[in-house]
Amino acid sequence: MKKQSSIFNFQLIEPMKKIAVVGTGYVGLVTGTCFAETGNQVVCVDIDEKKVEKMRNGHIPIFEPQLDVLFDRNLKAGRLNFTTSLEEGVRDAEIIFLALPTPPGEDGSADLSYVLGVAENLGKIIKDYKVIVDKSTVPVGTAERVRETVAKNAKVEFDIVSNPEFLREGFAVDDFLKPDRVVIGSSSERARNIMEELYKPFVRQGNSILFMDEKSAELTKYAANSFLATKITFMNEVANFCEIVGANVDNVRLGMGSDSRIGKRFLFPGIGYGGSCFPKDVQALVKSGNQVNYNFQILKSVMQINEQQKTILVPKMKNYFRGSLKGKHIAMWGLAFKPNTDDIREAPSLYMIDALVAEGATITAYDPEAMENVKRVKGDKIQYVENEYDALKDADALLICTEWSAFRNPDFDKISALLKDKVIFDGRNLFETEEMNKLGFYYESIGRQTVTK
Ligand SMILES: NC(=O)c1ccc[n+]([C@@H]2O[C@H](COP(=O)([O-])OP(=O)(O)OC[C@H]3O[C@@H](n4cnc5c(N)ncnc54)[C@H](O)[C@@H]3O)[C@@H](O)[C@H]2O)c1
């Protein structure tokens, strides 16, 4: 039987599969919801009781565009269920996805305790054949470790698959439903066939499912993220150099990006990359290198440069205020590590907050989605307001940390009226320098010449 799903126009092909997703964070919830959307029966497992209760009651614990429509529909259709019990969650599942955290351990390498802990328990509770799929980002060799860990206790057959996830927060639903590619690392023909069938509805436009060995699949994810982090960092260095020699990074970017070998994307300079993935994945790949005596020199530089880049505007701000930020009040637009998410993990804004407060400045911030998360980690170190203009009242300068679309065309008359002085430090290059010149702002951005009043 074939049905049409209304908003994404998917053909739902039965028979559906029974799936468990262990870990219901950004990746797990999107994975579970999108597989439910293609007609599968999904149980999401999480140890966080409050989160599970919330989701059972129809509330999404994260902000992710488009997720609510799919979540509601599949919850109501009974295809999406939640539990805190691993045993209950995986009982009927043929495929078990592990979408667990792999945060940096004390030495910076990926902490596999969540993944291996669940693998240990799975071995004890599985009662029939399962495909155990690692969706978390994990170092090369993890599939083997998961296999050994499950095998210690398992009395039934199982296969391990490495299926790294490439979704971007903010576009996660679209990325999941229409992936550029799906990477499946497995040495088992049986598991490959099951995974191919599961992903068929997502690759109907001709995007590929790439089959490979587990190790290559694991490394593909780290290599892709590290390459993107390197691309951003390279542009940040070019931008810093532009400022010194009097070039404009926008022109350089357009000139470079029109070369199809380079491509237009990921060439925008700014105050560094953040998020839950790039910083930890670059670091974990360097650590993986160390473990086999390979020195990832390029990635070490990337990490070092990005660290500096996050607070690169602080000396500029200090310089503008004649050497001291003491007593200065800064309006901050944007806290999330990037737009369209409430995720603040490793966000440059947090580094700016610490650096500015340490210099004696005070901050009033606004972000459309991330303020609650920042309140949890920074408390009353800064003030929060309900819209971007309220942040400007009595501020000595505006600082932009995240490129939310809503900030791109602001009411400059209002900004001029509310700020004590017309001063903007823009960590995301939202405005044209000519425009700012005409409007009479002092405007410092990244890789472009300072506009003075
Ligand atoms: N966030 C992204 O954009 C993204 C993209 C691609 C890959 N990844 C990778 O996917 C993995 C998950 O990332 P995330 O951002 O979804 O993490 P997250 O922190 O948002 O979610 C992890 C979830 O796992 C739950 N959990 C922890 N221990 C558990 C256990 N024993 N049993 C059940 N649930 C448990 C937590 O409560 C949490 O809800 C990581 O390896 C990450 O690197 C993330």
Side-chain angles (χ1 to χ4, degrees), residues 20-34 43-55 60-65 67 82-90 93 96-105 109-122 124-125 132-139 142-143 146 149 162-176 179-183 217-218 220-226 228-229 273-285 336-347 373:
V21 180
V22 188
T24 317
Y26 286 89
V27 169
L29 186 57
V30 172
T31 300
T33 306
C34 291
V43 184
C44 293
V45 184
D46 206 288
I47 44 163
D48 186 333
E49 285 176 15
K50 275 195 197 141
K51 211 180 214 183
V52 167
E53 195 50 36
K54 221 173 165 182
M55 292 187 289
I60 304 182
I62 52 167
F63 170 75
E64 185 57 50
L67 188 59
F82 299 94
T83 178
T84 50
S85 158
L86 183 66
E87 190 160 7
E88 185 190 313
V90 305
I96 303 169
F97 281 90
L98 307 183
L100 293 155
T102 48
S109 58
D111 175 359
L112 290 179
S113 60
Y114 297 87
V115 171
L116 296 178
V118 170
E120 173 102 27
N121 291 332
L122 282 178
K124 293 177 195 158
I125 59 184
I132 300 171
V133 186
D134 192 356
K135 217 171 214 336
S136 298
T137 302
V138 291
T142 302
V146 171
T149 309
S162 168
N163 170 218
E165 182 49 56
F166 298 95
L167 63 76
R168 296 161 298 164
E169 285 174 22
F171 303 92
V173 171
D174 220 35
D175 283 349
F176 199 94
D180 288 341
R181 75 310 204 182
V182 174
V183 170
E218 289 163 341
T220 299
K221 173 66 190 176
Y222 277 118
N225 271 1
S226 298
L228 293 171
Y273 62 76
S276 66
C277 291
F278 287 177
K280 93 172 163 55
D281 292 350
V282 172
Q283 184 171 242
L285 187 51
F337 85 92
K338 66 172 186 178
N340 301 319
T341 182
D342 60 352
D343 198 340
I344 57 156
R345 291 177 279 188
E346 291 297 313
N373 284 338

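All values reported here derive from a predicted model rather than from experimental measurement. Read the numbers this way: they start at 1 and go in the same order the structure lists the ligands and their atoms.
Counting protein heavy atoms only, atom 37 (O) of ligand 1 is closest to Asp46 OD1, 2.6 Å. Among all protein heavy atoms, the one lying closest to atom 1 (N) of ligand 1 is Glu169 OE2, 2.7 Å. Considering only non-hydrogen protein atoms, atom 24 (O) of ligand 1 sits nearest to Gly23 CA, 3.4 Å. Of all protein heavy atoms, the one lying nearest to atom 19 (O) of ligand 1 is Arg345 NH1, 3.5 Å. Protein heavy atom at the shortest distance from atom 33 (C) of ligand 1 is Ile47 N, 3.5 Å. The single protein non-hydrogen atom nearest to atom 21 (O) of ligand 1 is Gly25 CA, 3.1 Å, given as residue, atom name and distance. Of all protein heavy atoms, the one closest to atom 31 (N) of ligand 1 is Val118 CG2, 3.5 Å.
Taking the side chain as every heavy atom from C-beta outward, Val21 and Val45 never approach each other to under 4.5 Å. Looking only at side-chain heavy atoms (C-beta outward), Val22 and Cys44 stay at 4.5 Å or farther from each other. Between Val118 and Leu100, some side-chain heavy-atom pair lies under the 4.5 Å cut-off. Two residues are said to be in side-chain contact when any heavy atoms from C-beta on lie closer than 4.5 Å; Val52 and Thr24 fail this criterion. Side-chain contact between Tyr222 and Thr137 is present, with at least one heavy-atom pair separated by less than 4.5 Å. A heavy-atom distance below 4.5 Å is found between the side chains of Tyr26 and Asp342. Looking at heavy atoms from C-beta onward, Glu169 lies out of side-chain contact with Asn340 at the 4.5 angstrom threshold. Phe97 has its side chain within reach of Asn163: a pair of non-hydrogen atoms, C-beta onward, lies under 4.5 Å apart.
With Asp175, Thr137, Leu167 as candidates, the residue nearest to atom 9 (C) of ligand 1 on a non-hydrogen basis is Thr137. The nearest non-hydrogen atom to atom 40 (C) of ligand 1, considering only Leu100, Thr83, Val30, Val27, comes from Leu100.
With hydrogens and angles left out, the side-chain atoms of Asn225 and Tyr273 include no donor and acceptor closer than 3.5 Å.
The N/O atoms of Glu165, backbone and side chain alike, include none that comes under 3.5 Å of an N/O atom in ligand 1. Among the atoms of Thr102, some N or O lies under 3.5 angstrom from an N or O of ligand 1. Between Asp48 and ligand 1, no N or O atom pair is found at a separation short of 3.5 Å. Any N or O atom pair closer than 3.5 Å counts here, and Lys135 shares no such pair with ligand 1.
With ligand atoms numbered from 1 in the order given, ligand 1 contributes 23 (C), 39 (O) to contacts under 4.0 Å with heavy atoms of Thr24. Close contacts of ligand 1 with Lys280, meaning ligand atoms under 4.0 Å from a residue heavy atom, involve 42 (C), 43 (O). Near Tyr26, with a cut-off below 4.0 Å to any heavy atom, the atoms of ligand 1 are 1 (N), 15 (O), 16 (O), 20 (O). Counting atoms of ligand 1 from 1 in the listed order, those under 4.0 Å from a heavy atom of Val22 are 32 (N), 33 (C). The atoms of ligand 1 that sit less than 4.0 Å from any heavy atom of Lys51 are 38 (C), 39 (O).
Note on ligand 1: Ser276 sits in its first shell, one or more heavy atoms being nearer than 4.0 Å. Ligand 1 has no atom lying under 4.0 Å from any heavy atom of Glu49. Residue contact check for ligand 1: Lys221 places a non-hydrogen atom closer than 4.0 Å to it.
Around OH of Tyr114, the count of heavy atoms belonging to other residues, nucleotides or ligands within 6.0 Å does not exceed 12.
Under 4.0 Å from ligand 1, the heavy atoms of Cys277 that appear belong solely to its side chain.
A side-chain contact (heavy atoms from CB on, under 4.5 Å) with Lys280 holds for exactly one of Ser109, Pro104, Pro101; it is Pro104.
Annotation: cation-pi pair Arg345/Phe337 absent, no NZ/CZ under 6.0 Å from the ring centroid and within 45° of its normal.
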Discussion item. Determine whether Val43 and Thr83 satisfy the following criterion, side chain to side chain contact (heavy atoms under 4.5 Å, CB included), listing intermediate values before the conclusion.
Written reply: CA-CA 7 Å; Val43 184; Thr83 178; 3.6 Å; yes
